[in-house]
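These values consider heavy atoms only, across backbone and side chains, with no hydrogens, waters or symmetry-generated copies. A, B, ... follow the sequence lines: proteins, then strands. Residue 1 opens every chain.
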2 protein chains.
Amino acid sequence: MALGKDYVTQECSIARALEIVGERWTLLVVRDALYGVRRYNDFLVHLGIPRAVLAARLQTLTAEGILEKRRYQESPPRDEYLATDRAVALWPTLRSLGLWGRQHFGEAPLRYFRHAGCGTELGPYGECPACGIVVPVKDVLMEPGPGLDPDPADPVSRALLRPKLLLRPIGTDRV
Amino acid sequence: MALGKDYVTQECSIARALEIVGERWTLLVVRDALYGVRRYNDFLVHLGIPRAVLAARLQTLTAEGILEKRRYQESPPRDEYLATDRAVALWPTLRSLGLWGRQHFGEAPLRYFRHAGCGTELGPYGECPACGIVVPVKDVLMEPGPGLDPDPADPVSRALLRPKLLLRPIGTDRV
DNA sequence: GCGGTTGGTTCAATCACCGAACCGACCCTG
DNA sequence: CAGGGTCGGTTCGGTGATTGAACCAACCGC
């Protein structure tokens, strides 16, 4: 975020956070990372983001320690971007933001998030009402809801139709 | 948010939410509204936002039902912008975002948020650890922390140095 | 040798944001 | 009743970010 003026005058942790994740697309990239998207091309087709912007966001997110660039094969050299603890720590924010969007502007739920251990749907703060604990992100099970297009075009959306644990890499079933 | 391309392809409540509050400055305007800022000029000096951008944000936030424009005096005609339920519903998001910013990128806490009833500092989800309840926004007491500039320039920041309940209008002690 | 995949970079056009100036309605003061 | 101040904007030129399309390079499999 640097558009002539940043939020430096704001003495506020919210402003500090928005300096880093407040740019366009950035929070959606983090969301996808938590959903298990890891590769440049998968982010690209799933988000419909311009390539240059995606490259810039991945770079700043990596520089800020929110994603981690890791080589997963040597020949040809290929890197993937993994969600770090800082990205995982954004889960409550993303969860409450999504809940707000659905309750005030959405219709049918698009995705359900459950406690993988017991199947109970998460409460507003990511807690499991049945178990009385805050569910770790890796134990959150994501399932498609009724509002979701059952036959999306891109393979990443299609992979996300199947129930999956957050942070687990998507199995795109590439051909 | 309309820059040639919006987030319409995203079937996601987070994307829906970001369409509305994802633009630059928007979440800071909502934050200020929760802090008790109500007037155009107070937003202006506190945020340091360009006038045209502020006018645009206030208009869209009003149109989306997040703020409510209300006349508070007739002559000269003056309006104020009040936080609606939709703005209040963003409190968990702002709270967790601010917490994330402080824990990962901040140093000393800038503001404390306490349960007005018992004085206990709020937990990460806006709950009172002592009382075991989620504290309603109007019962949240905001107090300055050690990291805050003790003598800020603008009168709104100065007014926010005193402990105050969220949503209560700031007393700017205007001359 | 050829086409395909992956992960980018470059570039012109467009759009949003910035800062400063201007404006109109109203008030208060002398 | 003229002059200055406040409040809540609008207008406008300049700058910077975003976009979409094109290009590119390394490598693979055939």
Side-chain angles (χ1 to χ4, degrees), chain A residues 1-10 18-19 22-29 32 37-62 67 69-81 154-156 169-170 172-175, chain B residues 1-9 18-19 21-29 32 37-62 67 69-82 154-156 170 172-175:
Chain A
M1 178 139 312
L3 191 56
K5 171 163 214 166
D6 43 18
Y7 296 142
V8 284
T9 61
Q10 296 295 314
L18 287 174
E19 291 246 1
E23 284 179 309
R24 193 153 153 70
W25 296 108
T26 303
L27 273 180
L28 293 182
V29 172
D32 269 18
V37 178
R38 296 185 171 185
R39 299 188 188 179
Y40 181 91
N41 236 328
D42 290 341
F43 285 108
L44 199 68
V45 300
H46 189 229
L47 293 171
I49 182 178
R51 309 175 74 90
V53 177
L54 176 60
R57 295 294 183 275
L58 290 174
Q59 198 170 1
T60 54
L61 284 172
T62 304
L67 298 181
K69 190 172 186 173
R70 195 184 64 176
R71 181 140 303 182
Y72 68 89
Q73 79 180 23
E74 285 298 337
S75 161
R78 289 284 180 269
D79 299 315
E80 59 187 358
Y81 296 88
D154 72 285
V156 178
I170 56 171
T172 324
D173 294 344
R174 298 163 218 274
V175 283
Chain B
M1 181 138 313
L3 191 57
K5 169 162 217 168
D6 42 19
Y7 296 143
V8 284
T9 60
L18 287 174
E19 292 246 0
V21 297
E23 284 178 308
R24 193 151 152 72
W25 295 111
T26 303
L27 274 180
L28 293 182
V29 171
D32 269 18
V37 178
R38 295 185 172 186
R39 298 186 188 180
Y40 181 92
N41 235 330
D42 290 340
F43 285 109
L44 199 68
V45 300
H46 188 230
L47 293 173
I49 181 178
R51 308 175 75 92
V53 177
L54 176 59
R57 295 295 182 273
L58 290 174
Q59 199 170 2
T60 54
L61 284 172
T62 303
L67 299 181
K69 189 173 187 172
R70 195 183 61 177
R71 180 141 302 181
Y72 68 90
Q73 81 181 21
E74 284 299 337
S75 161
R78 291 282 181 268
D79 299 314
E80 59 186 1
Y81 296 88
L82 297 180
D154 71 286
V156 178
I170 57 170
T172 323
D173 295 345
R174 298 160 218 277
V175 284

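Legend: residues meeting side chain to side chain contact (heavy atoms under 4.5 Å, CB included) with A:Glu74, ordered by chain and number and at least two apart, are A:Arg71.
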Filtered N/O pairs between nucleotides 27-30 of chain D and protein, under 3.5 Å:
unit_1	atom_1	unit_2	atom_2	d
D:dC27	O3'	A:Ser75	OG	3.4
D:dC28	OP1	A:Ser75	O	3.4
D:dC28	OP1	A:Ser75	OG	2.1

All N/O contacts under 3.5 Å from nucleotides 8-12 of chain C to the protein, with atom names and distances to one decimal?
unit_1	atom_1	unit_2	atom_2	d
C:dG8	OP2	A:Tyr81	OH	3.0
C:dG8	N7	A:Arg51	NE	2.9
C:dG8	N7	A:Arg51	NH2	2.7
C:dG8	O6	A:Arg51	NE	3.0

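Look at A:Arg39 and you won't find any side-chain N or O under 4.0 angstrom from OP1 or OP2 of C:dT5. Put simply, B:Trp25 has no side-chain N or O that comes within less than 4.0 Å of OP1 or OP2 on C:dA16. Between A:Tyr72 and C:dG7, a side-chain N or O to OP1/OP2 separation shorter than 4.0 Å is present. Under 4.0 angstrom from either OP1 or OP2 of D:dA17 there lies no side-chain N or O belonging to B:Arg24.
A donor-acceptor pair under 3.5 Å is formed between the side chain of B:Thr62 and the backbone N or O of B:Leu58.
The closest side-chain heavy-atom distance from B:Arg38 to B:Arg70 is below 4.5 Å. Side chains of A:Lys69 and A:Leu67 form no contact here, defined as non-hydrogen atoms less than 4.5 Å apart.
Among all heavy-atom pairs drawn from A:Trp25 and A:Arg57, the shortest one is CB-NE, 4.4 Å. In plain terms, the two heavy atoms of A:Asp42 and A:Val37 that are nearest each other are CB-CG1, 3.6 Å. For B:Val21 against B:Leu27, the heavy-atom pair with the smallest separation is O-CG, 3.6 Å. The two residues A:Phe43 and A:Asp32 have their closest heavy-atom pair at CE2-CB, 3.6 Å.
At the heavy-atom level, A:Val53 lies under 4.0 Å from base atoms of the strands shown.
Atoms CD1 (B:Ile49) and P (D:dG9) sit 13 Å apart, rounded to a whole Å. Distance B:Asn41 CG to D:dG9 P: 10 Å, rounded to the nearest Å. For the pair A:Glu23 CD and D:dT19 P, the interatomic distance rounds to 11 Å; values are reported in whole Å. For the pair B:Leu44 CG and C:dC18 P, the computed distance is 12 Å after rounding to whole Å. Atom CZ of B:Phe43 and atom C1' of D:dG8 are 13 Å apart (whole Å). Atom CG in A:Leu54 sits roughly 14 Å away from atom C1' in D:dG20 (whole-Å rounding). Spacing between atom CZ of B:Arg38 and atom P of D:dG8 amounts to 14 Å, rounded to whole angstrom units. C:dT6 atom P lies 14 Å from atom CD of A:Glu80, rounded to whole Å.
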* Between A:Arg51 and A:Tyr40, is a side chain to side chain contact (heavy atoms under 4.5 Å, CB included) present by the stated rule, with each step listed? -> CA-CA 9 Å; A:Arg51 309 175 74 90; A:Tyr40 181 91; 3.4 Å; yes
